[in-house]
There are 2 protein chains.
Amino acid sequence: MPIELHLADQQPLERSDAARNREALLEAALRLIDRCSVDGVTMGAVAHEAGVGKGTVFRRFESREGLMAAVLNRSETEWQAAVLGGPPPLGPHDDPMERLLAFGHSRLRINLTHGALITAAGHAGARSFAAVSFSAMHVRYLLTAIGVRGDIPLLATALMAPLEVVILEQQVGKEHMDLARIEAGWDDLVRRVVAG
Amino acid sequence: MPIELHLADQQPLERSDAARNREALLEAALRLIDRCSVDGVTMGAVAHEAGVGKGTVFRRFESREGLMAAVLNRSETEWQAAVLGGPPPLGPHDDPMERLLAFGHSRLRINLTHGALITAAGHAGARSFAAVSFSAMHVRYLLTAIGVRGDIPLLATALMAPLEVVILEQQVGKEHMDLARIEAGWDDLVRRVVAG
DNA sequence: GGGTCAAACGGACCGCGGTCCGGTTCTATT
DNA sequence: AATAGAACCGGACCGCGGTCCGTTTGACCC
């Protein structure tokens, strides 16, 4: 019987070839993304680019959404770091209201820039899982810090919903709104919600 | 040269067999939906069920999304009629605020009930096209009638965003919120936005 | 080094959405 | 009724996401 003494280690352990392939696949995906845009990223193409079989891609990442989520995760992680410990106004300081506004603007820009990727990551991505996402927790925290009264989780959702990719693409693509207007609209919404 | 004297007629005219097939396909789709749920509705299956070739389905409805949108359109149309001319509080009466609240509750229920279908209808469905949808127009109108000041189109979007299927399914499926709470949350949001 | 076995690998295979094109059918016109 | 040609029809075909299973490989123990 194996001793398994990797105390705080997570998952049962990953074989070295598996780890190597995961890395190779992620890099292959990145290469493909900026060579043929997001929807040029075919599972077969990624496999070929990384020099492995298609089955391997699926074992590592479960699905196309999973792969996209993994790619997305890189930039998303450093954004989260910026929120948790970066410079103001996004990072920690003593005016939660200003921080909330900065959060919205930042999220807005990201969702517009990486819209295709986020959409491709689907249910494995931004939203989902473990009950609530990072953004939801952060907004709830800020609302509480501001002193808003009411059903905080619901209010947080209401504030984040207009930042969703689907909504933004509708506004920019079909209704031809520009970024500044959408930002201003979000600020206004926040003020109204906070004022209560 | 053809005289084309169908004055207010829309599109170049539809051949009778084409019209017959469109009907047959829509009914086939409906039959399949409540026999095998929405994602059992395969283009091939619909074609077979209607007794036509697969190509025909695509010529009539462009894509799977298009077919779903056509199916959705039936219930959606009668809902729109209820909004425009039905009984209060959803239909016309003299308290726009109450009507707005009723709108939200109604939309909420529909989006939860027909979520799968709406999602399957995708960009050809609820949202899209001709610049703005029926719901957007209605909410903008009500906000104006209430006397809200500000960027009405943006505020309307902000109010409708939390009613989107993606959001609702997250709330109900992952965060286990019940309908009453979501309704209450929306009412609260509306009051805050209107109070401004 | 040699042996063992779980884990990873690869690529054939499947069903679906979507396209294409040669043959067929309806409508308008005479 | 006959003609012409546009519109429609069917189903073979393609690429993609996803699955399956026989084969290989790496980790661990002797």
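Numbers restart at 1 for each chain; the letters A, B, ... are given by sequence-line order, proteins then strands. Being a predicted model, the structure only gives us computed values, none of them experimental.
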d([atom1], [X]; [atom2], [N]) in whole Å:
{"X": "R59(B)", "N": "dG22(C)", "atom1": "CZ", "atom2": "P", "answer": "15 Å"}
{"X": "N21(B)", "N": "dT24(C)", "atom1": "CG", "atom2": "P", "answer": "17 Å"}
{"X": "E14(A)", "N": "dA7(C)", "atom1": "CD", "atom2": "P", "answer": "13 Å"}

* Only pairs at least two apart or in different chains count here, so list each side-chain hydrogen bond (donor to acceptor under 3.5 Å, both in side chains) that has a residue in residues 25-36 of chain B. =>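 Residue pairs passing side-chain hydrogen bond (donor to acceptor under 3.5 Å, both in side chains), neighbours aside: R31(B)-E49(B), R35(B)-E49(B).
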
Can you tabulate the close N/O pairs, meaning under 3.5 Å, that link protein atoms to atoms of nucleotides 16-19 of chain C?
unit_1  : atom_1 : unit_2 : atom_2 : d
dG17(C) : OP2    : M43(B) : N      : 2.9
dG17(C) : N7     : K54(B) : NZ     : 3.3
dG18(C) : OP2    : R64(B) : N      : 2.8
dG18(C) : N7     : K54(B) : NZ     : 3.4
dG18(C) : O6     : K54(B) : NZ     : 2.4

* Asked: Should the pair R74(A) and W79(A) be classed as cation-pi, given the thresholds of under 6.0 Å to the six-membered ring centre and 45° from the axis?
  ->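 No cation-pi geometry.
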
Are any protein N/O atoms closer than 3.5 Å to N/O atoms in nucleotides 2-6 of chain C? If there are, list each pair with its distance.
none

* Asked: Can you list every salt bridge (Lys or Arg N to Asp or Glu O under 4.0 Å) pair that touches residues 186-196 of chain B, not counting sequence neighbours?
  ->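 Non-adjacent pairs meeting salt bridge (Lys or Arg N to Asp or Glu O under 4.0 Å): D188(B)-R192(B).
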
* Asked: How would you list all residue pairs meeting salt bridge (Lys or Arg N to Asp or Glu O under 4.0 Å) that involve residues 113-122 of chain B, not counting sequence neighbours?
  -> none

* To do: Output every pair passing ring-ring contact (aromatic ring centres under 6.0 Å, His included) with a member in residues 135-173 of chain A, not counting sequence neighbours, ordered by first then second residue.
  =>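 Residue pairs passing ring-ring contact (aromatic ring centres under 6.0 Å, His included), neighbours aside: F103(A)-H138(A).
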
* Asked: Which residue pairs satisfy the ring-ring contact (aromatic ring centres under 6.0 Å, His included) criterion with at least one member in residues 162-186 of chain B, sequence neighbours excluded?
  ->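 Listed once each, the pairs would be none.
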
* Asked: How is R60(B) classified with respect to the nucleic acid when contacts are heavy atoms under 4.0 Å: base, sugar-phosphate, or nothing?
  -> sugar-phosphate

In residues 81-102 of chain B, what donor-acceptor pairs under 3.5 Å come from side-chain atoms, sequence neighbours left out?
unit_1 : atom_1 : unit_2 : atom_2 : d
H93(B) : NE2    : P89(B) : O      : 3.2
D95(B) : OD1    : M97(B) : N      : 3.1
D95(B) : OD1    : E98(B) : N      : 3.3
R99(B) : NE     : L90(B) : O      : 3.0
R99(B) : NE     : G91(B) : O      : 3.0
R99(B) : NH2    : V83(B) : O      : 2.9

Anything under 3.5 Å between a donor and an acceptor, one on a side chain of residues 50-62 of chain B, the other on a protein residue two or more places apart or in another chain? List them.
none

* **Closest-nucleotide ordering on DNA chain C, the 5'-leading residue of R20(B) and D17(A)** =>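 Closer to the 5' end of DNA chain C: D17(A).
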
* Asked: Over its full length, what angle do the end axes of the helix from dG1(C)-dC30(D) to dT30(C)-dA1(D) make, each axis taken from five pairs and the result rounded to 10 degrees?
  ->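 The angle separating the two end axes equals 10°.
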
* Asked: Can you name the residues that form a ring-ring contact (aromatic ring centres under 6.0 Å, His included) with H105(A), not counting sequence neighbours?
  -> none

* **By ring-ring contact (aromatic ring centres under 6.0 Å, His included) - contacts of H114(B) (at least two apart)** =>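 With sequence neighbours excluded, H114(B) shows a ring-ring contact (aromatic ring centres under 6.0 Å, His included) to no residue whatsoever.
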
* Main-chain N/O of A45(A) paired with T42(A) side-chain donor or acceptor, under 3.5 Å ->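 Not a single qualifying donor-acceptor pair exists.
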
* side-chain N/O S16(A) vs dG26(D) OP1/OP2, d < 4.0 Å ->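 For S16(A), the contact criterion (side-chain N or O under 4.0 Å from OP1 or OP2 of dG26(D)) is not met.
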
